[in-house]
A.B. asks: 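Just dropping this structure here.
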Amino acid sequence: MRLSQMLFVTLREDPAEAEIPSHKLLLRAGYMRRVASGVYAYLPLLWRVLGKVSEIVRQEMNATGAQECLLPQLQPAELWQESGRWETYTKAEGIMFALTDRRDQALGLGPTHEEVITAIARDMIRSYRQLPLHLYQIQTKFRDEIRPRFGLMRGREFIMKDGYSFHTDAESLKETYQDMYAAYSNILRRCGLAFRAVEADSGAIGGSGSTEFMVLADAGEDEVLYSEDGQYAANVEKAVSLPVDAVPSEFSEYQVLDTPNTPTIESLAQLLSCSPTQIVKNVLYVAGFDSGKQVPVLVTIRGDQDVNDVKLQNELTKLAADYGGTAVLSLEVPDAEAQAAWLAKPLPLGYISPGVGDDYLKAPNKDFVPKFLRLLDQTAVDLENFVTGSDQTGRHVVGATWGKQFTLPQRVVDVRKAAAGDRTLHDPNQVLQTARGIEIGHIFQLGSKYSQALGATYTNEAGQEIPLEMGCYGVGVSRLAQAAVEQSYDKNGIIWPVAIAPYQAIVVIPNLNAADQVAAAEQLYADLTAAGIETLLDDRNERAGVKFKDADLIGIPFRIVTGRSLKDGKVEVVKRATGEAEELALDAVVPTLQGWIAEALG
RNA sequence: CGGGAUGUAGCGCAGCUUGGUAGCGCACUUCGUUCGGGACGAAGGGGUCGCAGGUUCGAAUCCUGUCAUCCCGACCA
């Protein structure tokens, strides 16, 4: 491609709309333009990158026996109602774009495709002889993100590869899951990215085991905890660990003490000169279930620990049936204004005890449940002579013990947040480290959640009708492209890994008025292209400096300059990543680049 | 949805406090000089100042409303 004929517009300054390096660079280098919040036009250079990523994904998927297809983006509400996700995905904080057509039919734009694919499976899979089966597609997804950000990292429209597998049993599912684990590792390795596979929460999509593939970068939105021996790595949402041991309490006698102005654990520990591990903390939440019920939740946990909202939400989901629901739609720490609606009398905030009475609550409407759902984190179970609130502002109790002053809440759960510095479960000598990651891939063992909901069954050898076991597997294709930039750039611009660079080489003519430079460049361009090397020719009537700056900015791996060494029959060849330059004879350029590219593609 | 900020030419910004009919840099067009790390000179083109009301003789500027965008949080297969 000749740059003189390409839509090639680079910017000298960073666009104000971008915050992180990769976002700024993709805009500056002319790879994309924002069309609406979280919606981007993929311009020719970026489209080539996306094509390369897609092709690598396709090759690795096909190698596992998965088959490519294309499912509709416009999906009927009925399917989502059958799976029970229509409400959670369109109401409250739902992420699904929903619309009504002229016949008054409710439709949604696909944020994911479990429902559609399961409906297809229901219609087409009859027998165990057809299994296992794995279908995937690469296409645009729509999600009405509350706050789109960071360009392609969190858009409302983005390209994703999503695959769905169907099995006779969990064992077969596990095999495909392992295949995907390997395929995803291959994809990221081939794309030239540093990544880590971590245990993950399966979130709203449901299912049992899931693994996230995290591209490591400081701008990542997720926190990863891992052990240095490489045995354990998990998203902080999912991570488990051993908390530090509690310091034995210095208080031996139960008493109520004046503790003015100590609404936080830190201030209380300071005033009493005690360890936060001796304090029992009580955190108030309000959970909203899909049945419409609003339930006040009191989480009691050791003072030095934080509540992991994802784990809490999972625990609450298990209890949804008690409130006539199946899912948690919202989970909030209520502010004073929100509390006022359902408090019979003011709560002593910061001084709440584990035994705080239900008489603080009233029911402003039939949906509010005026009874605390009391959950006890396991870190607080074994504490003795602990410090906690007294239900009186300005006073705490010390020396309290379960079974004496306070009833031990019956529901014991694990909702503590693991943190860097905690010891790992597999080896208490290992300490968790922290890193930021960008979630690029996520693989799930779904089980039969969707097949049961939608009635997708097969007949086994014994003639019994059984729900299909399912897995699903996603890769953020457009997100991966930007993550690659986030992981590989310098002050001059993008440094693409060779495997996903839009072009592999760029031939720069420093001075268009020098006929020999032009002739040599044209010949090289033709030779390189003929040799199968994807090459750009910068034949624009610009000064050399502009061309070098642009070549660096757009990040083409190899640059060939038909410049001053031409008089010796040589051209300069520069590696973008390292800046290494060497002079090569004209006829050595093609074989040398072929070697470099082959080496880079492994 | 809570908190914060910003909307002025394709991009980055000034002007607003103190109202008088819009400016700078980059980019773009033409000509000349230059030609290996974002050249120089000259001459040009391009803006309903986000939108809608209001105040005023007069509004980019003051007031009200509204929309959009970005940041922090909440949220997020």
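Just the heavy atoms: all of them, side chains too, but no hydrogens, waters or symmetry mates, feed the values below. Fair warning: this is a prediction, and the values are worked out from it, not measured in the lab. To find a chain, count down the sequence lines: A is the first, B the second, and so on, and within it residues start at 1.
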A.B. asks: With rounding to whole Å, what would you report as the distance between B:rU6 and B:rU64 at their P atoms?
C.D. replies: 15 Å
A.B. asks: Across all strands, who's sitting opposite B:rU69 as a Watson-Crick or G-U wobble pair, both distances under 3.5 Å?
C.D. replies: B:rA5
A.B. asks: Report, one pair per line, the protein and nucleotides 28-32 of chain B atoms (nitrogen or oxygen only) whose separation is under 3.5 Å.
C.D. replies:
none

A.B. asks: Within this structure, what is the CG-OG distance for the pair A:L537 and A:S4, rounded to the nearest 0.5 Å?
C.D. replies: 7.5 Å
A.B. asks: Between P on B:rA74 and CD1 on A:I95, what's the gap in Å once rounded to a whole number?
C.D. replies: 18 Å
A.B. asks: Among residues two or more places apart or on two chains, list those pairs meeting salt bridge (Lys or Arg N to Asp or Glu O under 4.0 Å) that have a residue in residues 213-222 of chain A.
C.D. replies: A:R149-A:E221, A:R154-A:E221
A.B. asks: Any Lys/Arg nitrogen of A:R540 or A:D550 sitting under 4.0 Å from an Asp/Glu carboxylate oxygen of the other?
C.D. replies: yes
A.B. asks: Determine the contact category for A:N513: base if any of its heavy atoms lies under 4.0 Å from a base atom, sugar-phosphate if only primed atoms, P, OP1 or OP2 are that close, otherwise nothing.
C.D. replies: base
A.B. asks: Tell me which pairs pass side-chain hydrogen bond (donor to acceptor under 3.5 Å, both in side chains) where either residue lies in residues 469-479 of chain A, with sequence neighbours left out.
C.D. replies: A:S165-A:Y473
A.B. asks: Check nucleotides 67-70 of chain B against the protein and report each pair of N or O atoms closer than 3.5 Å, with its distance, or say if there are none.
C.D. replies:
residue: B:rU69; atom: OP1; partner: A:S37; partner atom: N; Å: 3.2
residue: B:rC70; atom: OP2; partner: A:S37; partner atom: OG; Å: 2.8

A.B. asks: List in chain and number order the residues that pass salt bridge (Lys or Arg N to Asp or Glu O under 4.0 Å) with A:K281, two or more places apart in sequence or in another chain; answer none if no residue qualifies.
C.D. replies: A:D306
A.B. asks: If you measure from the Lys or Arg side-chain nitrogens to the Asp or Glu carboxylate oxygens, is any gap between A:R564 and A:E583 under 4.0 Å?
C.D. replies: no
A.B. asks: May I ask which nucleotide in the shown strands pairs with B:rC24, Watson-Crick or G-U wobble, both distances under 3.5 Å?
C.D. replies: B:rG12
A.B. asks: Please write out each protein N/O paired with an N/O of nucleotides 36-38 of chain B under 3.5 Å, distance rounded to 0.1 Å.
C.D. replies:
residue: B:rG36; atom: O2'; partner: A:R564; partner atom: NH1; Å: 2.8
residue: B:rG36; atom: O6; partner: A:G563; partner atom: N; Å: 3.2
residue: B:rG36; atom: O6; partner: A:R564; partner atom: N; Å: 2.6
residue: B:rG36; atom: N1; partner: A:E572; partner atom: OE1; Å: 3.4
residue: B:rG36; atom: N2; partner: A:E572; partner atom: OE1; Å: 2.5
residue: B:rG36; atom: N2; partner: A:E572; partner atom: OE2; Å: 3.2
residue: B:rG37; atom: O6; partner: A:R559; partner atom: NH1; Å: 3.2
residue: B:rG37; atom: O6; partner: A:R559; partner atom: NH2; Å: 2.6
residue: B:rG37; atom: N1; partner: A:D552; partner atom: OD2; Å: 3.1
residue: B:rG37; atom: N2; partner: A:D552; partner atom: OD2; Å: 2.4
residue: B:rG38; atom: O2'; partner: A:R12; partner atom: NH1; Å: 2.1
residue: B:rG38; atom: O2'; partner: A:R12; partner atom: NH2; Å: 2.9
residue: B:rG38; atom: O6; partner: A:R28; partner atom: NH2; Å: 2.8
residue: B:rG38; atom: N1; partner: A:D550; partner atom: OD1; Å: 3.2
residue: B:rG38; atom: N2; partner: A:D550; partner atom: OD1; Å: 3.0
residue: B:rG38; atom: N2; partner: A:D550; partner atom: OD2; Å: 3.3

A.B. asks: Within 45 degrees of the axis of the six-membered ring of A:Y40 and under 6.0 Å from its centre: does A:R33 put its NZ or CZ there?
C.D. replies: no
